[in-house]
Structure formats: C-alpha cells, structure tokens
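Keep in mind that this is a model prediction, so the values were computed, not measured. We count ligands from 1, going down the list as the structure has it; atoms in each ligand are counted the same way.
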Amino acid sequence: MDFSQLAETMLALESTKSRNEMVEVMAWLFKQQPPDEARFSVYLLQGAVAPPHAGIEVGLGEKLVEQAISKAFGYSQKEVQAQYLKSGDLGKVAEKMCSAKRQASLFSEKLTIKKVFQTFYRIATLGGHGSQEAKIGLLAELLNNASPLEAKYIARFPIGRLRLGVGDPTVLDALSFMHKGDKSDREALESAYNKCSDLGLVAESYIRDPESIMKFSMQPLMPVRPALAERLPSPEEIAKRLGKCLVEAKYDGFRLQCHKKGDKVEIFSRRMERMTNMLPEVVSAIRQLKCKDMIFEGEALAYNEQTGEFYPFQQTIQRKRKHGVDEKAAEMPLRLFAFDLLYVDGKDISQEPLHARRKMLEGLIKGSQLIAPSESYITSSADEIEAHFQDFVSRGLEGLMAKDLSAPYTAGARKFAWVKLKRSYRGELSDTVDIAIIGYYAGKGARAQLKFGGVLGAVYDPHTDTFQTIAKVGSGFTEEQMKALEEKLSVIRVKKPNARVRSLMEPTFWVEPKYVITVNADEITRSPQHTCGRDSGDVGYALRFPRMVGDVRTDKRPEDATTVDEIIGMYRSQRRVERNVQEEQ
Ligand code: ATP
C-alpha cells in the first residue's frame, strides 16, 4: 500500500480528539492492508519499528534530521535551522520545503508503507564507522521521494514527535472494529497482547485469521505483560476479601521477568525492556536451573556481600546501566527473590492456581545461591497479616503483598489476585501515585534561575487512552532534580497538548507525555479544576499537597502511570478509613 494512505491516516488522527473517530480511521486503514503490512503500520503509528522488548530504536538527533532535510530539498542547514526555530516543528519545516524544493529529484519513486518501514528499520540498526552519514543519506532519500504531507511525518518520526495520540488500547479497539464493527473482540485481542507484548504481531495474526488470537500462548523469550496489584487499606480488608492467602514480603528493588529456552536466557524489566546484558550473574544463575525452558518473575535487590544488608532502591537501580556492567556487578551483586512461575518445560501454567505454581517454582530454584523464593506465609487472620506487615516494615521492606492462592496469573491486569499494603506515615496516602508529566511551569522568584517551578501531572485512563490531570507538583524536588528535569523536559516541549491529554489547566510549557514521577500527598480530594475521573457534575479528583518522592521512574512508561480507576479506588478506601476512624471515636 502507498505510504500516502498512512500519511493521510496520520493527518486524520492528528486532527481529531474524538477517540471513536480515531478508532474508525485506523480500522479503515487495517481493512485495506495485507496482514504483514498492517504490522508495519501498527509500529509506525506508534512511532516505532519494533516492539519495545526488541530494543530497536530509530532515535535520530534533530541535527541529523535537519541535515537530511537540507540535503533532500536543496536548502542550506542554516535556513532549515532558522525555519525550525520559527515553527518549533521539523515536520512542518520539511512539509514546507518539500513543496518549494530548490532542487529537482534525479528520479523519484512512489513510497510504500513497506519501503518507509524498512528504511527506518535500517536506520535504527545501522552502526559503526560512517553510519551517521549513511543514516542521513537514507532519510534524505525518503524525503526526496515524499509528497509534502509524507515529508511532514517522515521528518517527525525519527525524533519521536509524531504526536498522534495512538496508545495500545486505541489500536486494539481499531482491530476489533475492523472485523466486528464494534469492540467485542477487544478482550480477546488484549489477552493475546498480554501474552506476547507485540502489538504488531497481534495485528498481523488477527487480520490474517481472527480466530488465531484465541490460540496465543506464552512463549519463552517473549515478554509477558506483568500482573499488577490492587490496593486495600488494612489487614482486615485483605483478610475479608482474600480469606486464606499467601502473604509475601514486598521488596523494593526492580522487577525482573526471566526467560530460559535451553541455554538462551533473556531478562525483561517491568516495562518489558531487555535487561539481559546488564545482569550477567543473574543470567548465569538462570542458565543453571534444572529445566529446559521457563518463565518466572522476581524482584532483584543489590546487597552488601560483607554485611549481607540489602541496599535501598536508589542504590539497586545503579545496576541498570549499559557500561561498566562487570565492575558494578562485583561491587553490588544481586539477589533475586522469585515470586511466580508462568511457564515451564513447554507448558503455559499461568492459568493454574498460585499455590501450584509456587510449589513448582520452589522446586525449580532449590539450591540456587542467587535466586531464592520470596519470603512467604499462608494465613487467613487479619492479626497475623498485621504482624507480618509490622515485621517486614521493621526490617526496612516496603510492606507486603497478599495473594489469592487459587487465582491464575493475571497478565497485564490489575486485579485482586494480588493486593499490596505499603507502609505509610500519618497524614499520607496509603500508597504513592505515579503521574505522567504533561507540562511544566517556568520558575518564578527563587526558582527563576532554575527555569523550573514544578510540573503538571496526569494519571492514565486505559479505557479512553487519555491522560487526565490530577495535580500541579511544585515541591519535593531537590535543586539537582529540578535542573535535571528542566533539561529533560525542555527538549520535549510541544506547542499544544498531546491529543491524549485532557486538561483544564495551562502550564507554561506543554510536553509530550514521556516521564513518570512518583508523588505522595496528604489525601485525594474532589476538584473542579482537574480532569481525572471527571463525572457529569464536572468534578474531578485531585491530590492535596502533592510532593515528589524518589526520582524519575525510568521503569515506567506514561501508560504505566497510576490509572483513573486506581485513584477512584484509593479515594473510596480513604473515605472508608475516615468513616471507621469516626465510628471508633
Ligand atoms: P505497579 O507495579 O502496581 O504499577 P509500582 O511499580 O509502583 O506499581 P508497587 O505498587 O509498589 O509498584 O507494587 C507492585 C510491585 O511490587 C511489583 O511490580 C514488583 O515490582 C514489586 N514486588 C516486590 N515484592 C513483590 C512480591 N513478593 N510479589 C510481587 N511483586 C513484588
């Protein structure tokens, strides 16, 4: 299919804020396409050339794109830069210069979706001596063959500025819509996606044969979307909801999903990035486990070999690095506390009850020095849950996880199969909230020099694929953090809010939703100023006295921010606790 049709689709997506319209536009595109090409379209529409776990990113700097524009259209680099400074959008610069080319193309070839995808894929995978020049050449060739509209999106793509507002839920709805005319296949599509984490693959299979998605199963070396925990405010509520349950220590390290297929091992982070090369000692411990293939999960923590003490998260996270891996591994070896087994020796066991999975897991890791089962107890008593909670917290752990012994593994979903209970202090929420930064404020007064006054934060609604504001956060930052954030945010500024952002507020600068930070607050309140969970009465939810804790969450994508449903759940349980306190008084 011609790339012009994808460019037209991108234009239609960019021009609407109606989600239904977005779904229809994409469904129309998928309907016209052969299955393998739909896969390319899915990646391209999401600004990528492969699923996140493949670790293949185009990521060209703006300077290189400016050079390619200059080369393709016969303008000097200075002229390209001047135009860019004026419009703030390299896509628009390319569109304009393409329609007023100063040099005629020697020969020109109509662009197809396949050609554009393959060229970007090559750009992403080229390396070594002379690769910069080659990348500029490839991009210039694409631009040279493009119409002005195509040039706009081709220039935006490699710098991550497509701004189409197409999240995973919107693509899943569009796929269902193309076959069914409604969302009735969404759940089945999502379930297939949860098992392979590759939206392109799901699209290709579904378009080829809609029945095929029912047959998707987990495969070692393909990351599974992680199960997530719900919250309950007290041990009593946990005991009431779960009955007899597995209570586990909640470790504050990083979550690892470990895959083994024969001798081949892959390790993925919570956001499904490949971490295999960063963790050599974990890789060899997994390789030694006595089974042919497996997928299991655990939380890794760095510890001091001399004293046996575990390091706090800020230290552990230093193991997430590309360089100096061996030195850091020697300085801060990891322990991996395994808590779930999803697949073993050719069999997807994720639908078996937790107690059976756990038993198999314990058998498989027995004897490993580095991998140990998470500390766990079975109980149905609220008093015992409370006692374990106090014990864990006094040992510096984050709190506890209580798990339903009979539940399957709930890939990609936040369900009551897992419940978290975290330590909190008086006057704080029972859990922190992860917000996606959608804008920021220029500093005033004492902060003028830092050019940073705080951020506008949003939570995510997967039903509508939108980011809804919940707080302006101006405190909790160190001076270093403010400087670092301003640096990060200033390069992703955009003139108008991203199509997925719902906001009644106007920050000094809008930014692409990219970074997530964790905030604590005194409580959740109702507020007409914020769009989070806004109901017909025009009242949303807001955080009272929010402050940043920790650092930027590199393990979360904006879509992994706390969800609107979670905020509403937290608000309700806060009300329940308030009522109980009042009754006790
Ligand atoms: P979430 O993962 O729920 O979006 P989050 O990343 O902020 O939120 P928490 O809310 O603190 O994390 O709790 C869930 C996380 O706790 C898991 O993703 C996992 O990394 C970690 N964890 C620590 N110990 C355990 C355990 N025993 N079982 C499951 N998860 C655990």
Worksheet item: Counting heavy atoms only, which part of Thr432 comes closer than 4.0 Å to ligand 1: side chain, backbone, both or neither?
Response: neither

Discussion item. Quick one about Asp348 and Ser217 (side-chain donor to acceptor, distance below 3.5 Å, no hydrogens or angles considered), yes or no?
Written reply: no

Worksheet item: Do NZ/NE/NH1/NH2 and the carboxylate oxygens of Asp293 and Lys347 come within less than 4.0 Å?
Response: no

Worksheet item: Between Glu362 and Lys359, is there a salt bridge with N-O shorter than 4.0 Å?
Response: no

Discussion item. Any salt bridge linking Lys183 with Asp173? Criterion: basic side-chain nitrogen under 4.0 Å from a carboxylate oxygen.
Written reply: yes

Discussion item. Out of all atoms in ligand 1, which are within 4.0 Å of some heavy atom of Ala249? Include the element for each.
Written reply: 24 (N), 26 (C), 27 (N)

Item to complete: Would you mind running through ligand 1 and noting each atom that sits below 4.0 Å from a heavy atom of Asp434?
Response: 7 (O)

Worksheet item: For ligand 1, which part of Glu248 has a heavy atom less than 4.0 Å away: the side chain, the backbone, both, or neither?
Response: side chain

Worksheet item: If you measure from atom 11 (O) of ligand 1 to every heavy atom of Lys250, Arg553, Arg414, Met401, which option wins on shortest distance?
Response: Lys250

Practice prompt. Counting heavy atoms only, name the option from Glu566, Lys556, Glu299 that's nearest to atom 7 (O) of ligand 1.
Written response: Lys556

Practice prompt. Mind checking the CZ-CG spacing from Phe254 to Asp555? Nearest 0.5 Å is all I need.
Written response: 9.5 Å

Fill in: Exercise: do Asp465 and Tyr460 side chains pair donor with acceptor under 3.5 Å
yes

Discussion item. If you take the nearest heavy atom of each of Arg231, Arg271, Glu230, Arg255, which one is closest to atom 18 (O) of ligand 1?
Written reply: Arg255

Discussion item. Using a plain distance cutoff, I'd like to know if Phe339 has any nitrogen or oxygen under 3.5 Å from a nitrogen or oxygen of ligand 1.
Written reply: no

Worksheet entry | Ionic contact status for Asp431 with Lys420, cut-off 4.0 Å | yes

Worksheet item: Nearest protein heavy-atom contact for atom 23 (C) of ligand 1: which residue, which atom, what distance?
Response: Tyr251 O, 3.0 Å

Discussion item. Heavy-atom distances under 4.0 Å decide this one: backbone, side chain, both or neither, for Pro226 against ligand 1?
Written reply: neither

Worksheet item: Out of Lys403, Glu375, Lys420, Lys422, whose heavy atom sits nearest atom 10 (O) of ligand 1?
Response: Lys420

Discussion item. I need the contact type for Trp418 against ligand 1. Using non-hydrogen atoms and a strict under-4.0 Å cut-off, is it side chain, backbone, both or neither?
Written reply: side chain

Worksheet entry | Per-residue contact class, Glu297 against ligand 1 - non-hydrogen pairs under 4.0 Å | neither

Worksheet, complete the sentence: The closest protein heavy-atom partner of atom 2 (O) of ligand 1 is Arg270 NE, 3.1 Å

Discussion item. Could you check, using the six-membered ring where one of them is a Trp, whether Tyr251 and Phe310 have ring centers closer than 6.0 angstrom?
Written reply: no

Worksheet item: Would you call Glu398-Lys422 a salt bridge at under 4.0 Å N-O?
Response: yes

